[in-house]
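Below is one structure, written out as structure tokens; the observations come after it.
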Amino acid sequence: MSCKVCSSFQQLDCDAELNFTFPGLSRTNLTSVYICHRVLICLDCGYAELVIPESKLERLKQGMGEPLNGNGHRGNIGSSKLYGFGSAAR
């Protein structure tokens with residue numbers, strides 16, 4: 001299978017350890033979600049893809065506390081407000 005971004009066949013399928021922490025001061029008391037899973041990485045462009053196991057995905061949903069809308073965002077909060085870089089110089 002080729003890379004979905006650059007069509008390269010130079011890909012690495014490897015084990016990875018990921019630790020997801022929740023954004024925002026109101027979520028600092030939540031335990032991060034630790035995931036050991038397979039990741040497919042393109043060695044030419046750096047694109048990576050993985051499938052998060054359902055049990056871990058459920059913990060991520062619960063930690064964020066709000067359902068996703070159709071475009072993958074929570075409610076009306078944009079990513080710049082959510083992550084605090086909305087006022088950064090462009």
Side-chain angles (χ1 to χ4, degrees):
M1 179 178 5
S2 65
C3 174
K4 293 179 180 176
V5 174
C6 72
S7 301
S8 170
F9 286 96
Q10 299 297 317
Q11 296 183 343
L12 176 65
D13 185 15
C14 61
D15 290 323
E17 297 178 7
L18 304 167
N19 190 38
F20 289 93
T21 57
F22 297 100
L25 292 176
S26 64
R27 296 183 183 103
T28 56
N29 63 333
L30 297 177
T31 305
S32 61
V33 179
Y34 180 73
I35 300 172
C36 287
H37 208 60
R38 306 284 305 168
V39 177
L40 181 64
I41 303 167
C42 177
L43 298 175
D44 287 332
C45 72
Y47 175 77
E49 61 181 63
L50 72 145
V51 176
I52 298 174
E54 189 174 333
S55 62
K56 304 291 183 168
L57 189 58
E58 191 60 38
R59 285 190 56 207
L60 289 172
K61 290 177 188 177
Q62 290 172 356
M64 291 307 295
E66 297 178 41
L68 297 175
N69 63 20
N71 64 4
H73 296 286
R74 286 153 193 87
N76 293 324
I77 299 174
S79 59
S80 47
K81 183 176 180 184
L82 181 66
Y83 297 109
F85 53 80
S87 60
R90 295 189 177 150

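Here, residue 1 is the first one in the sequence, and each next residue gets the next number.
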Show me the donor-acceptor pairs, under 3.5 Å and distance only, between side chains in residues 32-40 and residues at least two apart or in other chains.
{"unit_1": "Ser32", "atom_1": "OG", "unit_2": "Asn19", "atom_2": "OD1", "d": "2.8"}
{"unit_1": "Tyr34", "atom_1": "OH", "unit_2": "Glu17", "atom_2": "OE1", "d": "3.0"}
{"unit_1": "His37", "atom_1": "NE2", "unit_2": "Val51", "atom_2": "O", "d": "3.0"}
{"unit_1": "Arg38", "atom_1": "NH1", "unit_2": "Asp15", "atom_2": "OD1", "d": "2.7"}
{"unit_1": "Arg38", "atom_1": "NH2", "unit_2": "Asp13", "atom_2": "O", "d": "3.0"}

Pairwise side-chain contact, [X] with [Y], heavy-atom cut-off 4.5 Å (strictly under):
X     : Y     : answer
Cys3  : Cys45 : yes
Cys6  : Cys42 : yes
Ile41 : Tyr47 : no

Measure the [atom1]-[atom2] distance between [X] and [Y] for me, rounded to the nearest 0.5 Å.
X     : Y     : atom1 : atom2 : answer
Met64 : Arg59 : CE    : CZ    : 14.5 Å
Phe20 : Leu57 : CZ    : CG    : 9.5 Å
Thr21 : Leu30 : OG1   : CG    : 10.5 Å

Heavy-atom closest pair (Gln11 atom, Met1 atom, distance to 0.1 Å) is OE1-O, 3.4 Å

